[in-house]
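Order of listing sets the numbers, starting from 1, for every ligand and every atom in it.
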Amino acid sequence: MAALPPDVSARFAEGSQYLAGRLRPGTSGRRQTVTDPATGKAVLEYELAGPADVDAAVRAAERALPAWAGATPADRSEALYRFKAALDGRAEELVWAESLQCGKPLRLSREFDVPGSIDNVAFFAGAARRLDGLAAAEYSGDHTSAVRREPLGVIGSIAPWNYPLQMAAWKILPAVAAGNTIVLKPSELTPLTSLMFAEAATEAGLPDGVVNIVCGTGPDAGAHLVGHPGVAMVSFTGSTAVGRRVARTATEGVKRLHLELGGKAPFLVFDDADLEAAVHGAVAGALINTGQDCTAATRAYVQRPLYEAFVSGVADLMASLTVGDPFDPDTDLGPLVSHTHRDRVAAIVDRARAHATVVTGGCAPGGALAEGAYYLPTLVTGAAQDSEIVQHEVFGPVLTVSPFDADDEGLALANDTPYGLAASVWSRDVYRTGRAGREIRAGCVWVNDHIPIISEMPHGGYRASGYGKDMSAYSFEEYTQVKHVMSDNTGVARKDWHRTVFAL
Ligand code: NAD
């Protein structure tokens, strides 16, 4: 029996922008509807942020910067521990809001999105006190060289709709832990949990203006934020196509840039793999978040002896899943984020039918689910390596499977797309998994698993999947700049090296 989703219209009656420590309405004059993708019904209508709201948010972040950047690491750490406690108190509200705006089954929001985001806060509360660098030393003999690790200033962040809360955490935490202030623009389709996250930060005592949220469209509020002269760094997560546009503007402004872009993760199964583990791993890895995951397993390559058994195991398991209402505890898979996106996924599968076989799924369910943005778990075989469905992001519950013979061939196929975000390899042979770990060109290679992420380890892409790292202490490399302070320690007026300029 499904429970009732929350009334978010009442919750955001004051407005859906978060500037300088409070909710307020946007001023663009244009309105946006947040839709429950499970029903197609509107749950919130709000006024979008426009350039003037972005300007106000950047001003708020600039005002907050000197005190926050000047706070001791211990003070920032304390504030972030209080932030974690505030989020613990709001966890169930976040679970429901995330499920409502994205269509995620409650089980996914409750066991993955929300605890993962809160753990990120806990990690950065500790990490705020560990901004490491070289120890000071007399490298020249006559000077003491020290390295200062300093915040950059105001960070402009842009996030996608697939994991709104986790993306807010990944963007905000390393930035503010390192002493920056931030203006985050979530996707206009999914603003709810980013706003709640910022409210919790204020409740925890983070000063007004340290965390600001502008909810507007990409070409309007997003582009203005990226080009804003007050923004020192742009941190973007989204598609490779939009990332390229963002990169051009940020580069023109000589801004620090961090890009987390699309993915097309291979799932490489050697003939000595545990078949049951590989089948379950492939279905879970392909279907998590209804496949709207940048690291989702999208292309399985299976060595010939296991190929037939793998295909039938995956097809049977996919067909056994319960697709339905996100608020029903028995639901395994919810809808896609919107009807528009569902139709895009369906069109890619339909185009593939001309040359490939749809083994299971390949359509939207009817009956009680007909009004929602649903699409059945889909398995495709026989797709050519250079086809659209193998080379490009589908971002839906769709897995292709292809056979291979020699290990070299499997590894070459795994590397054969422009992307490089994540991959997995399945084998009991440490030499095969070790080789795959070295040779697959991706920011993360899982061995005998696919998807788990942890706050302590870096997440980020190679090649067209972008550059820079989210999470972990590595993310501080993005959100800080290193200054060399070199002090003469001789007190001598006429230094030896002056002879290179004047002889006397
Ligand atoms: P998208 O690229 O369409 O939009 C991402 C964000 O950019 C949104 O907030 C959007 O409003 C904004 N935007 C759009 N045009 C803009 C512009 N001209 N200037 C500034 N901002 C602009 O992506 P999406 O459809 O929201 O999300 C899905 C994509 O995100 C997929 O490609 C997925 O792989 C990627 N993603 C990557 C990671 C990662 O860690 N690498 C994580 C999650 C999602």
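When non-hydrogen atoms are compared, ligand 1 lies under 4.0 Å from the side chain of Phe395 (C-beta onward) but not from its backbone. With a 4.0 Å heavy-atom cut-off, ligand 1 is reached by the side chain of Leu421 but not by its N, CA, C or O. Proximity of Ala159 to ligand 1, defined as any heavy-atom pair under 4.0 Å, is confined to the backbone N, CA, C and O atoms.
Heavy-atom distances between Ser465 and ligand 1 stay at or above 4.0 Å for every pair. Using a 4.0 angstrom heavy-atom cutoff, Tyr163 does not count as in contact with ligand 1. Using a non-hydrogen distance threshold of 4.0 Å, His459 registers as a contact of ligand 1. Assignment of Glu188 to the shell around ligand 1 is supported, since a heavy atom sits closer than 4.0 Å.
Within the listing of ligand 1, atoms 6 (C), 7 (O), 9 (O), 12 (C), 20 (C), 21 (N) sit less than 4.0 angstrom from a heavy atom of Ile158. Proximity to Pro160 (heavy-atom distance under 4.0 Å) selects the following atoms of ligand 1: 24 (P), 26 (O), 27 (O), 30 (O), 43 (C), 44 (C). Proximity to Gly218 (heavy-atom distance under 4.0 Å) selects the following atoms of ligand 1: 11 (O), 12 (C), 13 (N), 14 (C), 15 (N), 16 (C), 17 (C), 19 (N), 20 (C), 21 (N), 22 (C).
Counting heavy atoms only, Cys294 comes closest to atom 42 (C) of ligand 1 of the residues Pro186, Cys294, Gly460. Of all the listed residues (Lys185, Met167, Gln166), Lys185 holds the heavy atom that lies closest to atom 10 (C) of ligand 1.
With respect to atom 32 (O) of ligand 1, the closest heavy atom belonging to the protein is Glu393 OE1, 2.6 Å. Protein heavy atom in closest approach to atom 37 (C) of ligand 1: Leu261 O, 3.2 Å. For atom 2 (O) of ligand 1, the closest heavy atom belonging to the protein is Ser239 OG, 2.6 Å.
Checked by atom type and distance alone, the side chain of Tyr374 pairs as donor or acceptor with a backbone atom of Gly324 at under 3.5 Å.
Using cut-offs of 30° and 60° for the angle between ring planes, the His450 and Trp446 rings count as tilted.
The side chain to side chain contact (heavy atoms under 4.5 Å, CB included) check on Ala282 picks up Phe267, Phe310, Val314, Leu399, with sequence neighbours excluded. Glu93 is linked by a side chain to side chain contact (heavy atoms under 4.5 Å, CB included) to Arg11, Arg90, Met196, counting only residues two or more places apart in sequence or in another chain.
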